[in-house]
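Counting convention: from 1, in listed order, for ligands and their atoms alike.
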Amino acid sequence: MSTIARAEVLVSSPGRNFVTLRITTSDGVTGLGDATLNGRELAVASYLRDHLVPLLIGRDPARIEDTWQYLYRGAYWRRGPVTMTAIAAVDTALWDIKGKVAGLPVYQLLGGRSRNGVLVYSHASGVDVPSLLDDVARFRDLGYLAVRAQAAVPDIGGSYGVRKGEVYEPAATSLPDEQPWSTEAYLNFAPGYLRAVRDRFGFDFHLLHDVHHRLTPIEAARFGKDVEECRLFWMEDPTPAENQEAFRLIRQHTTTPIAVGENLTSIWDVQHLITEQLIDYVRTTVVHAGGITHLRRIFDLAALYQVRTGSHGATDLSPISLAAAVHVDISVPNFGIQEYMGHAAETAEVFRSGVRFENGMLLPSEEPGLGVEYDDEAAERFPYEPKYLPVARRLDGSVHDW
Ligand code: EZ4
Ligand code: CO
């Protein structure tokens, strides 16, 4: 019987920090899993190195479900981003190995294609409305069929989602950047620029917007009503989701679709949102919600309630996560959309991925497994650097959700 002979935790920073798990079997087959938790990377690296790797050595790599149950139930301590990201890395690497052993791309193991390609959206942004409109035009010219729009709110300096360089990179400082926030200024400004996007470009593409957890439920209800005429594909994270019941209030007021879940880590965290039909899209991901095994469980629950998928795909999800996401997305019946921001050029030097972008869609690699390779030599040129996500403060100095 083949066994797990080795499991290495690889930390590198090609453009940004990534934690990667590489499992090698006694037959010499390797599998990769993403273990990146933005701003808390080394906690997951330690969880893997100090607590999971010793449990993996000697196990049967083919027993993916059993390994998942063993690591989840065996921890005794349930859920949470560090645990679920570590389990996800193991799970993803084992699916990669299973595909390579079978000689099939992972999506074939998941039931094969349900669609021709994976619809993606990218991030347009601007420091003001004219530059946002230029950026939307740029993404439409690149062939995107769906675009997320974010603009800096005047007079409050830092707004979520506004790109400075080539790629939007919020975790950019060695200590958290403190950014000002005003709900009033945002609510006065944001609906206007979403209308400006529709006025200029019309309705023949999907328009998305990320509120990024900044509003109370009643404020979010007002925002959703204000932008109804823009026919958004979704408003994302209108209010923090720890209290799932909060979304009932938003729902009572607006038909703007709602997407939640990028920072939620288990089926239990989205159970009520899904079964009460409080959201339209579930944004849980392979890397933060327990791997392909657990994500499919979430997506199957969602399918029962006509909730579609819309997985997180920001730059802090490595090309391994993106590849795994595309294998899942192309196979599940209730796929909605996939976030796709692309990565810095350095990232592609370390992670060689077979995922392709064509006509607004992503296509999976046809290579056995996930179709991603990790270049150790290149990785050595990019050592880990501590980086934090920003913190938001209201104009009176109190901490707000970032
Ligand atoms: O802020 O991934 O929809 N995308 C997002 C992201 C998140 C980052 C946090 O690490 O909200 O930009
Ligand atoms: Co988001």
*Any salt bridge between E219 and R214, counting N to O under 4.0 Å?*
no
*Are any of the N or O atoms of W402 closer than 3.5 Å to those of ligand 1?*
no
*In the protein, what heavy atom is nearest to atom 11 (O) of ligand 1, and what distance, to one decimal place, separates them?*
E262 OE2, 2.7 Å
*Would you check if the distance from the ring center of Y186 to the ring center of H212 is below 6.0 Å?*
no
*Considering only heavy atoms of D210, which atoms of ligand 1 have at least one such atom less than 4.0 Å away?*
3 (O), 4 (N), 5 (C), 11 (O)
*Is K387 salt-bridged to E385, going by a charged N under 4.0 Å from an acidic O?*
yes
*Looking at N38, which atoms of ligand 1 are within less than 4.0 Å of one of its heavy atoms?*
10 (O)
*What atoms of ligand 1 come within less than 4.0 Å of a heavy atom belonging to R148?*
3 (O), 4 (N)
_Distance filter under 4.0 Å to A314 heavy atoms, resulting ligand 1 atoms_ = 2 (O), 6 (C)
*Minimum heavy-atom distance D91-I292, with the two atoms named*: OD2-N, 2.8 Å
*Ring centroid separation for Y384 and F18, is it under 6.0 angstrom?*
no
_Pairing of D135 and R140 as salt bridge, 4.0 angstrom limit_ = no
*Enumerate the atoms of ligand 1 whose separation from the nearest heavy atom of E339 is less than 4.0 angstrom.*
3 (O), 4 (N)
_Give me the residue, atom name and distance of the protein heavy atom closest to atom 1 (O) of ligand 1._
H212 NE2, 2.7 Å
*State yes or no: are the ring centers of Y121 and F139 separated by less than 6.0 Å?*
no
_Donor-acceptor check, side chain of N243 to backbone of E245, threshold 3.5 angstrom: yes or no?_
yes
*asked:* As a test of reading the structure, name the N/O/S atom of D210 that is nearest the Co ion (ligand 2).
replied: OD2
*Would you say the side-chain atoms of Y374 and S12 include a donor-acceptor pair closer than 3.5 Å?*
yes
*Quick check: does Y168 get an N/O under 3.5 Å from an N/O on ligand 1?*
no
*May I ask you to identify the nearest protein heavy atom to atom 2 (O) of ligand 1, giving residue, atom name and distance to one decimal place in Å?*
D316 OD1, 2.7 Å
*atom 5 (C) of ligand 1 - nearest protein heavy atom and its distance*: Y160 OH, 2.9 Å
*Under 3.5 Å: donor-acceptor pair, side chain of D96, backbone of L370*: yes
*Which is the closest N/O/S atom of E236 when seen from the Co ion (ligand 2)?*
OE2
*Would you check whether Y121 has a nitrogen or oxygen atom less than 3.5 angstrom from a nitrogen or oxygen atom of ligand 1?*
no
*Looking only at distances, please establish whether an N/O atom of ligand 1 is found under 3.5 Å from an N/O atom of R283.*
yes
*Write the atom name of the N, O or S atom in E262 that is nearest the Co ion (ligand 2).*
OE1
